[in-house]
Amino acid sequence: MPPQWCDLNVMLSREFILPSNRDIGAKLPEENADQRCTYLCGNSLGPLNKRSKALLQEELDIWGTRAVEGHFAHPYGRQWMNIADTVTPLLAELVGASEKEVACMGTLTANLHLMMAAFYKPTAQRFKILCEGRAFPSDQYAFASQARLHGYDPNEAIVEMCPRQGEFTLRESDIMDLIAKEGPSISLVIFSGVQYYTGQLFPMKAITTAAKAQGCVCGWDLAHAIGNVPMALHDWDVDFAVWCSYKYLNSGPGGIGGLFVHEKWENSLLPQYAGWWGHDPATRFAMPPRFSAIPGAQGFQQSNPSVLATVSLLGSLQIFKEVGMMGPLRKRSLRLTSELEMRLMKSRFYVPINEVSAQCLLQGEMNAKDGTTRQGQPGFTIITPRDPESRGSQLSLLFLPPNSDVMGRVFGALSAMGVVGDERRPDVIRLTPAPLYSTLGDCERAALCLEEAFKGLMKAKL
Ligand SMILES: Cc1ncc(COP(=O)(O)O)c(C=O)c1O
Ligand SMILES: Nc1ccccc1C(=O)C[C@H](N)C(=O)O
C-alpha cells in the first residue's frame, strides 16, 4: 500500500536533517530559534539525510580498518569495486530505464560533454543544436564549445528557443512548430527536463517524438527533473540524458552525476573516450591492454567512482525506494506546490501573470519609443506554468517592478525569517517544496513570510 500523507510526514521528518533557524542566522524570537528552518531550496541543494550520514560514516570506518581491501571485501557487501551497482537499479527506476541504460558516474557538465562527443555528429546539412533560451549557463557554454570544436560558429549552430514576447515560458505548439521547421538542419535537440529559472517542465515525450520524426538526436539535461518528476526515458525513445544528484536526489554538494544511453545504441555506439571503469569488470583487474567496453551506458564510465559520493547518494535513494519512488512522491509534490501557489496567489502583492505580460509588452514599446521604464508598485508574479502537468515542485516568483531592488530586499527579509529559497538575478526567487521533506506547514509559512517581507518593504518606503 502506498504510504499515506501523515505517515510520510512522520517518517520523512525523522529521515532528514535540516538546518535550524539559528543555524542559518535567521533573526527570530528565541522560542523559534531551534526549530527547523523553512527549507525550500532542494532545487539547488537537497538537505542531508541520516542514512547517507550513517553510510558515509561506515565507509570512513571501513577505509580506516580495511584500507585497500575495502575494494574487494566489505563487511556489508558493498565492495567498493562494485559500488555503483548499489545505486544503478534505483536510478534506472527513477528515470524509467533498464539498468544497463544507466551509469552512475562523473559530474553533470563533464557527462554532457561526453554524451555530446558521442551523439553530436554535425554534417554540412545537419549541424544545429536546438535548445531552450536561457539554458543553465554551464549548458550554454558546453553547447557553444562543442559547436566550435566542430568548426561551427555558435551563433549559427545554436538555435535558442525563447518565449513569445511578453511571455515567460515556451508553448508546446511553438516548440513543435520550430522542430518541424528547422528539423532537417538540426543535429541535436537538447532541452532541460525542468527549466532551472522558470521551473517549466517541458513536454519531454512530445519533444522527443517530434525530434526523432525529423531524424534528430534527442538528449536531455535532467538536473532539475530527476527525483522531481516521473520519467520514462526508454519508452519515450530518448537517445541520451545526463543529470546531477545534489538537487532532488539529496546526495550532497558536488555529488556524483549520471547518464542514460538508450539500449538501441548498444551495438553501434562505442565509447570513444574510454577508461578502465568502462571495461568489462570480469577482466578489469587483469589489466589487459585492449579496451573491451561493458555493453550499454556503463561502457562510458571512465574512472572508479567516488565511494563516499556514491553511498551518500545511496542513503537518499533508499528513502525514495521506501516511500514508493516517484508515484507517491509526485502526488505529494503536486499537493505541496499547489498549496504554496494557492497561498501566494492570495497575497495582496500578487500580480496575475497576464497583467505582467501586458505590462512587459507595453514596456517594450515604451522603451523602444523613449527609453523610459514603467515604475509600478512592488509586487510579484509567478512565472512557472500554472498547469501542474507543466511544472515540477518549483515555483519561480518574479518580483516587480523589474530590475528594481525589490527581489533582493524580499530575499533578505525571507532569509531573516528562516525561509530558504534562492535568488536568481535579476528578479527571480525560486521556492521549492520538495516532497521528501517539505510539509504543508512550510508552504503556509513561506507565504506568510513573503507577505511580511512586502509589508516591511512598504513601511520602509513610507
Ligand atoms: C541545468 C543544469 N545544468 C548544469 C548544471 C551544472 O552542473 P555541474 O556543476 O554539476 O556540472 C546545473 C547545476 O549546477 C544545472 O542546473
Ligand atoms: N551546484 C551549486 C553550487 C552552489 C550554488 C548553486 C549550485 C547549483 O547547482 C545551482 C543550480 N544548478 C541552479 O539551478 O541554479
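Each ligand, and each atom within it, is numbered from 1 in the order the structure gives. Every heavy atom of this structure was used, including side-chain atoms; hydrogens, water molecules and symmetry mates were not.
In terms of protein heavy atoms, atom 12 (N) of ligand 2 is closest to Lys247 NZ, 2.7 Å. Among protein heavy atoms, atom 16 (O) of ligand 1 sits closest to His224 NE2, 2.8 Å. Taking atom 4 (C) of ligand 1 as the reference point, the nearest protein heavy-atom neighbour is Asp139 OD1, 3.1 Å. Of the protein's heavy atoms, Asp221 OD2, 3.3 Å lies nearest to atom 1 (C) of ligand 1. When only non-hydrogen protein atoms are considered, atom 13 (C) of ligand 2 lies nearest to Arg430 NH2, 3.2 Å. Regarding atom 11 (O) of ligand 1, its nearest protein heavy-atom neighbour is Thr109 OG1, 2.5 Å. At the shortest separation from atom 14 (O) of ligand 1 among protein heavy atoms lies Tyr246 OH, 3.2 Å.
Heavy-atom proximity to Arg424, at under 4.0 Å, picks out these atoms of ligand 2: 10 (C), 13 (C), 15 (O). Close contacts between ligand 1 and Lys247 involve ligand atoms 13 (C), 16 (O) [criterion: under 4.0 Å to a heavy atom].
When distances from atom 4 (C) of ligand 2 to the protein are checked, no heavy atom turns up under 4.0 Å.
The closest heavy-atom contact to atom 7 (C) of ligand 2, among the options Gly254, Ser44, Cys41, comes from Ser44.
Ring geometry for Tyr248 versus His224: interplanar angle over 60°, hence perpendicular rather than tilted (30 to 60°). Using a 30° and 60° split on the angle between ring planes, Phe119 and Phe240 fall in the parallel class, below 30°.
Residue Tyr246 places a heavy atom less than 4.0 Å from ligand 2.
Ile383 CD1 to Glu167 CD: the interatomic distance, rounded to the nearest 0.5 Å, is 12.5 Å.
The shortest N or O to N or O distance between His224 and ligand 2 is under 3.5 Å. Distances between N or O atoms of Tyr196 and those of ligand 2 include no value under 3.5 Å. By the 3.5 Å distance cut-off applied to N or O atoms, Asn43 is not counted among the residues near ligand 2.
The one candidate from Glu160, Gln140, Gln146, Arg148 that meets the side chain to side chain contact (heavy atoms under 4.5 Å, CB included) condition with Pro154 is Arg148. Exactly one residue among Leu170, Thr169, Asp139 makes a side chain to side chain contact (heavy atoms under 4.5 Å, CB included) with Glu132. That residue is Leu170.
Counting heavy atoms under 4.0 Å from ligand 1, residue Ala223 touches it through the side chain alone.
The number of heavy-atom neighbours closer than 6.0 Å to CH2 of Trp63, taken from other residues, nucleotides and ligands shown, is 12 or below.
The shortest non-hydrogen separation linking Ile129 to Met116 is CD1-CE, 3.7 Å. Nearest approach of Cys37 to Asn21, heavy atoms of both residues: CA-OD1, 3.3 Å.
Under a cutoff of 6.0 Å and an axis angle of 45°, Arg424 and Tyr197 do not form a cation-pi pair.
A donor-acceptor contact closer than 3.5 angstrom is absent between the side chains of Trp276 and Ser303.
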